[in-house]
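Single-structure report; data block below.
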Amino acid sequence: MRAAPTTAWVVGLTAYSWLATTLCAAWFARRFALADGRVLSVEQSLAWQGAIYAAWLPVIGVVWLVLRRFGAGPRGVLAAFATGLVIVPLEAVVASLIDQAFAGGGDLAERALGRAPVCILLHTAIVAVGLAAAHHRRAAEASARNALLQAALAEARATPVLDVAERLMVMAGARRVPVDITAVEWFGAADNYVVVHWDGREGLMRATLQSLEARLDPRLFARAHRSALVNLSKVSQAQPLSDGSWRLTLASGAEVVTSRTYRDALLKRLGRQASDS
C-alpha cells in the first residue's frame, strides 16, 4: 500500500485537530456560560470557539514556510520557535477580541494574558507537527530517489556491452599490467594520476577522471563524486545516508559515497528523474 503524501496527512490532521478542539471548547464554553447565568446556544458556542481556533490555521502555513526555508535541522527549529515571539501575543489578542465579541466585557489585556499559556501550547504543537511533516517529506523524497537509483542500476547491469572491451595499461607495483575495462569497479582521483580498482587489486595510471569519463561508455561509468568514477554494473547495493548522499557498495565490498552534488546528476544521466513527494 502506498504511503499517503505529506500534504494529505498534514491537511487531515489539521482538519481533525481543528474540529475536535472546536467541539470540546464549545462544550466547555456552554458549561461556563450556564454557570454564569447566561444562555449560549450550540450554534453560538461553535461559532465562538471555531473562530478562535480558525485564527490558528494561517500559523500552520507560516511555520511550514519557515521550515521549508531553513530546513528541519537546528536552524529551522530555532526559526520556527522564534516565530512564536510574534505569533503567540498576536493570537492571544485575536482570541481575546473574539471572546469580547461573543461574551462581552472584560479587560482586553487581562484576557490576552489569560490566553497566553494556551497560545504557547498551540504554537509548540504546530511547530512539532511541522517538524514531523518536514522529516516525513525528506524521508519520502530519499526513498523515492533510492528506488529510482535501484531501478536504474538494475537496468545498467542488464545492459549488454556490444563494443569490444578496451584494455587499460595500469602500473601495479613495478609492472604494467593490462586491465579489461569492464573488470574495473571504480576509478579514484590522486593528483595527476587515477587509482584503478579491479578484482580486489589497485594500480595507477597517468590520466584525469575527466578525460577517462569522456572516453568511457556512459552506460557503464558515471561520476559518483568529484574524485570517483564508478562502474554501475559493479554496484551491488545503494544505501541512502542521512545527509542525502548515497553509499554505493561494489561487488568486492568496497564502498564509494555519492555526494549530494552528484546525486541528481547521476539519476539524470541514468535517465531517471526524482519527483517531489
Side-chain angles (χ1 to χ4, degrees), residues 2 138-173 175-277:
R2 186 177 181 181
R138 186 169 65 178
E141 290 175 346
S143 178
R145 282 192 296 264
N146 190 54
L148 289 174
L149 179 65
Q150 296 289 1
L153 290 175
E155 289 182 9
R157 287 191 289 267
T159 300
V161 181
L162 302 179
D163 299 330
V164 177
E166 180 184 353
R167 289 195 169 191
L168 302 174
M169 297 306 296
V170 178
M171 290 295 301
R175 298 186 305 116
R176 288 169 58 88
V177 297
V179 177
D180 191 329
I181 202 164
T182 57
V184 176
E185 284 195 328
W186 66 287
F187 297 97
D191 294 329
N192 296 324
Y193 291 86
V194 169
V195 182
V196 184
H197 300 264
W198 83 101
D199 294 337
R201 303 172 62 187
E202 64 178 48
L204 291 175
M205 62 178 295
R206 191 171 184 85
T208 64
L209 281 184
Q210 186 174 0
S211 64
L212 273 176
E213 187 178 15
R215 63 189 271 202
L216 294 177
D217 188 341
R219 295 173 299 174
L220 284 180
F221 290 90
R223 187 74 71 96
H225 190 272
R226 183 174 56 86
S227 57
L229 190 62
V230 174
N231 185 341
L232 300 176
S233 67
K234 299 291 187 179
V235 176
S236 60
Q237 183 182 7
Q239 179 185 3
L241 302 179
S242 59
D243 63 353
S245 60
W246 282 318
R247 180 186 290 117
L248 304 180
T249 302
L250 304 175
S252 65
E255 295 179 343
V256 177
V257 174
T258 302
S259 66
R260 293 179 61 185
T261 304
Y262 287 91
R263 180 191 65 193
D264 294 335
L266 177 58
L267 282 176
K268 184 177 181 181
R269 182 169 183 176
L270 292 171
R272 300 282 171 164
Q273 196 73 35
S275 58
D276 293 335
S277 300

Quiz prompt | Partner residues of T249 under the side-chain hydrogen bond (donor to acceptor under 3.5 Å, both in side chains) criterion, sequence neighbours left out | solution = none

Practice problem: Provide the closest heavy-atom pair for V256 versus A224 in the form atom of the first, atom of the second, distance. | Solution: CG1-CB, 4.4 Å

Quiz item: Can you name the residues that form a side chain to side chain contact (heavy atoms under 4.5 Å, CB included) with Q239, not counting sequence neighbours?
Solution: R247

Quiz prompt | Minimum heavy-atom distance between S236 and A251, given as atom pair plus value | solution = OG-N, 4.3 Å

Exercise. State, yes or no, whether a side-chain contact exists between T258 and S245 at a heavy-atom distance under 4.5 Å.
Key: no

Self-check item: Contacts of type ring pair (Phe, Tyr, Trp, His ring centres under 6.0 Å), residue W186, not counting sequence neighbours
Solution: H197

Practice problem: Report the residues that fulfil side chain to side chain contact (heavy atoms under 4.5 Å, CB included) with R175, sequence neighbours left out, ordered by chain and then residue number. | Solution: V177, R201

Self-check item: Minimum heavy-atom distance L209-R226, with the two atoms named
Solution: CD1-O, 3.8 Å

Quiz item: Does the side chain of V184 come within less than 4.5 Å of V179's, by heavy atoms?
Solution: yes

Quiz item: How far apart are the C-alpha atoms of L248 and E255, what are their side-chain angles, what is the distance that settles it, and do they pass the side-chain contact (heavy atoms from CB on, under 4.5 Å) test?
Solution: CA-CA 6 Å; L248 304 180; E255 295 179 343; over 6 Å; no

Quiz item: Just by modelled atom types, is the S252 backbone N or O under 3.5 Å from a matching donor or acceptor in the E185 side chain?
Solution: yes

Just distance, no hydrogens or angles: give the donor-acceptor pairs under 3.5 Å from side chains in residues 187-196, sequence neighbours left out.
residue: Y193; atom: OH; partner: R206; partner atom: NH1; Å: 3.1

Quiz prompt | W198 and V170, any side-chain heavy atoms less than 4.5 Å apart | solution = yes

Practice problem: Please assess E213 against R223 for the test side-chain contact (heavy atoms from CB on, under 4.5 Å), listing each intermediate value before the final yes or no. | Solution: CA-CA 8 Å; E213 187 178 15; R223 187 74 71 96; 3.2 Å; yes

Quiz item: How close do L216 and F221 get, heavy atom to heavy atom, and via which atoms?
Solution: CD1-CG, 3.8 Å

Self-check item: Partners passing side-chain hydrogen bond (donor to acceptor under 3.5 Å, both in side chains) against T208 (at least two apart in sequence or in another chain)
Solution: S211

Quiz item: Got a second to check how far R215's CZ is from D217's CG, nearest 0.5 Å?
Solution: 12.5 Å

Quiz prompt | Contact check, side chains of V235 and L250, non-hydrogen atoms, under 4.5 Å | solution = yes

